[in-house]
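Note that these values count all heavy atoms, side chains included, but never hydrogens, waters or copies made by symmetry. Proteins get letters first, then strands, A, B, ... in listed order; numbering begins at 1 in each.
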Number of protein chains: 4
Amino acid sequence: MPGPIQTVQNPKRRGTTKAEQRQTSMDLLLTSARRLFVSQGYRSTNLEQISGEAKLTKGAVYFYFRSKETVLLELLKQVQDIVVDQAIACVEVAGPTFTDKLVAYAHYQANLGITHRDEVLLLILMSLEFKERDGEVQDFITKLYRKQRSFIETLVRQGQEAGEFRSDVQGRELAASVLALHDGVFLEWFRRSGSLKGPELVRAMRTLFLCGLSVPHEPKI
Amino acid sequence: MPGPIQTVQNPKRRGTTKAEQRQTSMDLLLTSARRLFVSQGYRSTNLEQISGEAKLTKGAVYFYFRSKETVLLELLKQVQDIVVDQAIACVEVAGPTFTDKLVAYAHYQANLGITHRDEVLLLILMSLEFKERDGEVQDFITKLYRKQRSFIETLVRQGQEAGEFRSDVQGRELAASVLALHDGVFLEWFRRSGSLKGPELVRAMRTLFLCGLSVPHEPKI
Amino acid sequence: MPGPIQTVQNPKRRGTTKAEQRQTSMDLLLTSARRLFVSQGYRSTNLEQISGEAKLTKGAVYFYFRSKETVLLELLKQVQDIVVDQAIACVEVAGPTFTDKLVAYAHYQANLGITHRDEVLLLILMSLEFKERDGEVQDFITKLYRKQRSFIETLVRQGQEAGEFRSDVQGRELAASVLALHDGVFLEWFRRSGSLKGPELVRAMRTLFLCGLSVPHEPKI
Amino acid sequence: MPGPIQTVQNPKRRGTTKAEQRQTSMDLLLTSARRLFVSQGYRSTNLEQISGEAKLTKGAVYFYFRSKETVLLELLKQVQDIVVDQAIACVEVAGPTFTDKLVAYAHYQANLGITHRDEVLLLILMSLEFKERDGEVQDFITKLYRKQRSFIETLVRQGQEAGEFRSDVQGRELAASVLALHDGVFLEWFRRSGSLKGPELVRAMRTLFLCGLSVPHEPKI
DNA sequence: AATGAATGAGCATTCATTCAT
DNA sequence: GATGAATGAATGCTCATTCAT
């Protein structure tokens, strides 16, 4: 018979407290939202898909979040912590040379690609999807990117001043290239999921980073 | 039964032949569609925006194209010609070394970034937006990327065999990095439109290309 | 390349006068409209289909007719002549008994089913499709049906008075049954085009007509 | 991003359980859809009319049904039960003669004309409107008609073999005439809603059935 | 804690109709 | 005599959001 059939809420997660259940449901919703936003895009993902994958209904999303946009913002906050803040913290303890720091950065990111692939991709993809929109999401993403950029830029500039990195290209643009390579590698990986060997790709990326940044040993072009 | 409609037909494009008018309108529609698809995404652009920007109405789009998707396919055909085929043709006449060829490729692409920014971006952005969808668009994009990749991969492999490019990273992954850097640079430029100096960015990209690919002259890392 | 491709008007109907060409084009349009209205219905047939089948374009329809509705009205005028007026004329010269007249009517209609199938069906189908609409078409069809009905009713009533037809059912309802059987047979034929033998069906219809109308020869039910 | 919508939710169907509300709304929608499809045709009825008559909105139709077509299919399933299956069941228990069975069929249908006029008409009208279309609806209707036809045909053939019905016309065509008369009578009633006396019409129909089918008692025509 | 009913704005698409050429 | 360009109203359908339960 007709009508959208929703799964009957059978007594699940028995033996858990309300608070635990709350957390579980929220986590399920966030995880499926993240996965779907990454694979289909924000706009092309609807609340039925998100809640369905978490074995809940649309209404549940509104119980936990104010709106679809809030779900994304929540995800982006997680991203900020994992992808940006922890990367910065990790680089800060590395050293002593700036080359060491850059390698640490590359390694941290490469590792994220394995442990938190969707978080990394979410930031990149949403930055593109929300480019011309304005609102909280746009603002948040812009700030995140700005933070990331200025961190790398500082690193690159310091490396240049220390004579570790080449100075024949301006720091701002060199830093932009580093980020570009980073994002590009993740996107290419995303696009071809399966047909590329992750570790090899990371090695190639690191090689490009280092060789491209290092002081050239003889005139090129 | 809809009654007779009394619109005041503003005499537009008067004094032009049908053929000219056709070409003009189609070009206007394609140009505004391209611009909008790039800046807002395919799904977030509606036909009213596309036609409105060309001073036409939704109906006109359907006079020239079978559907919204057909508009995009038409644009992608142009992209294939400009961004992929001509790049390949351009590289083929360059030489004699593979390094020369790679530089020619980088220069051609860098130039496109100035003369055909939207065409380049369209391909990259649509490849991401249509990732999980299937249909004609997905197929077309996949083929385009495959062509581009296999071309670069061949170039990189030949350069490796000729001893010009480093061989400590597999050709496939090295080629992927080249494309990743390319796409990444364009996206970063797109994201920050205005705040980056194009020529400088291109120089940085070229440097990364060449230094990263060239045979290392002394042990690194 | 895009855009709806229309057949190029190659020099056709050469060696004919304008008037002849006019007539030819109008006839072509009317014939394809009739065929399409019958097979798909009025609303589901669009002007592109009508004109396309006549190797002309939408605009041509508007050159010859004021509107889509006018095309149908023109067709219905033809139907009036062939299906109703000529049937009446034909019956009037038949005789001498009312049974003879009824047989003449049945034969005329049966013959029409072969020579002018679409005209007969058009009236029946449009009477159903335009039932709740109002306007010229509705009016025209209503008048046609009224004419047909009152003609048959008179015939039946006269037959009853002459003692040829049974009088245990009121003339109005008996006449309605005759028309119902007539329309029903044509529709069933239409629905199953192909799987029914026309001549056999006509014989069955005639049998039902006559037996059902004739004075019963012994008590029934 | 659509902002929060401030509709004043008129508290409708308050005090009813979800299940009741569901049933009520679905029934209202189906009933108005049936009425409108019969009086205006499927294609000429829009979802606003259907939902409006049930004091709901377009969206509600999509809450209960997957598409406009699904609404029709649901209605046709009801028709199958009431108009075809129950008629067959009813005839099967009638007897002992085949004439008795035919009379039972006629009575059942005549009664339906009063209690379920729209259901009977829906099948007939949709069989015409969907003639050239293909898809689920067409398939369903074709199967229904086939079932009906083969049932009547068997009945007629058995009556012929038993010597109750005339054998000078082939069973297939005789059966077709019975259905034709049936459909024709309903359509004529539909077309002239109001100006025909139902019971009289039914008597006329039954008379035509019986007289036309019965073995002739003396040479006719 | 979560569901199910219902809404309404937005959107791609179809199509009769107009009009300059 | 007829075409091609363009319009705008209509319509099926999607989806974020609201709210009573």
| What is the distance, rounded to the nearest whole Å, between atom NZ of K55(C) and atom P of dT3(F)? | 12 Å
| request: Return the nearest nucleotide to the side chain of K68(A); candidates are dT3(E), dT17(F), dA1(E). | output: dT17(F)
| request: Measure from the side-chain N and O atoms of T31(C) to the backbone N and O of L28(C), and report whether any donor-acceptor pair falls under 3.5 Å. | output: no
| task | Flag the pair L30(A) / L75(A) as yes when at least one side-chain heavy-atom distance between them is below 4.5 Å, and no otherwise. | result | yes
| query | Are side-chain heavy atoms of R22(A) and F63(A) found at a separation under 4.5 Å? | reply | yes
| field | Between dT21(F) (P) and E20(D) (CD): distance, integer Å | value | 13 Å
| request: Output the single nucleotide from dA6(F), dT7(E), dG4(F) whose closest atom is nearest the side chain of L56(D). | output: dT7(E)
| said: Measuring to OP1 and OP2 of dT21(F), would you say a side-chain N or O of T17(D) lies under 4.0 angstrom away? | reply: no
| Nearest to side-chain heavy atoms of Y64(D), which nucleotide of dA6(E), dT11(F), dT18(E) | dA6(E)
| said: Check whether Y42(D) reaches the backbone of L125(D) with its side chain - one donor and one acceptor, N or O, closer than 3.5 Å. | reply: no
| task | Quick one: label T45(C) by what it contacts on the DNA or RNA (base, sugar-phosphate, nothing), any heavy atom closer than 4.0 Å. | result | sugar-phosphate
| S67(A) side-chain proximity, nearest of dT17(F), dT13(E), dA1(E) | dT17(F)
| task | Test V71(B) against every option in L76(B), L29(B), V61(B) by the side-chain contact (heavy atoms from CB on, under 4.5 Å) rule and name the one that passes. | result | V61(B)
| field | Nearest-nucleotide comparison on DNA chain F, the residue closer to the 5′ end among F63(C) and E48(D) | value | F63(C)
| remark: To the nearest angstrom, the CG-C1' distance between L29(D) and dT7(E) comes to 14 Å
| field | Under 3.5 Å: donor-acceptor pair, side chain of E48(C), backbone of T57(C) | value | no
| query | Is S32(B) reaching over with its side chain to a backbone N or O of E53(B), donor-acceptor style, under 3.5 angstrom? | reply | no
| task | Check the distance between dT11(F)'s C1' and Q40(D)'s CD and give it to me in whole angstrom. | result | 14 Å
| remark: F65(B) CZ to dT14(E) P, in whole Å, measures 15 Å
| field | Along DNA chain F (nearest heavy atom to each residue), the more 5'-positioned of V61(C) and L47(D) | value | V61(C)
| query | How close or far is atom P of dA16(E) from atom CD1 of I50(C), stated in whole angstroms? | reply | 8 Å
| message | Can you identify which nucleotide, out of dA6(F), dT18(E), dA12(E), has its nearest atom closest to the Y62(C) side chain? | response | dT18(E)
| task | Indicate yes or no: at least one non-hydrogen side-chain atom of E132(C) is less than 4.5 angstrom from one of S44(D). | result | no
| message | By the 4.0 Å heavy-atom rule, please label T70(A) as base, sugar-phosphate, or nothing. | response | nothing
| remark: Judged by nearest nucleotide, the residue sitting upstream toward the 5' end of DNA chain E, A19(D) or R43(B), is A19(D)
| note | Residue pair N46(C)/Y42(B) against DNA chain E: nearer the 5' end by closest nucleotide is Y42(B)
| said: Expressed as a whole number of angstroms, how long is the span from Q21(B):CD to dC19(E):P? | reply: 16 Å
| remark: Picking from dT3(E), dT14(F), dT17(F), the nucleotide nearest the side-chain atoms of A60(A) would be dT3(E)
| request: Kindly express the pairing pattern of DNA chain E in dot-bracket notation, using | wherever a base pairs with another strand and counting only Watson-Crick or G-U pairs under 3.5 Å. | output: .||||||||||||||||||||
| task | Name the closest nucleotide to the K58(C) side chain, picking from dT17(E), dT3(F), dG10(E). | result | dT17(E)
| field | Atom-to-atom span, CZ of R22(D) to C1' of dA5(E) - whole angstrom | value | 9 Å
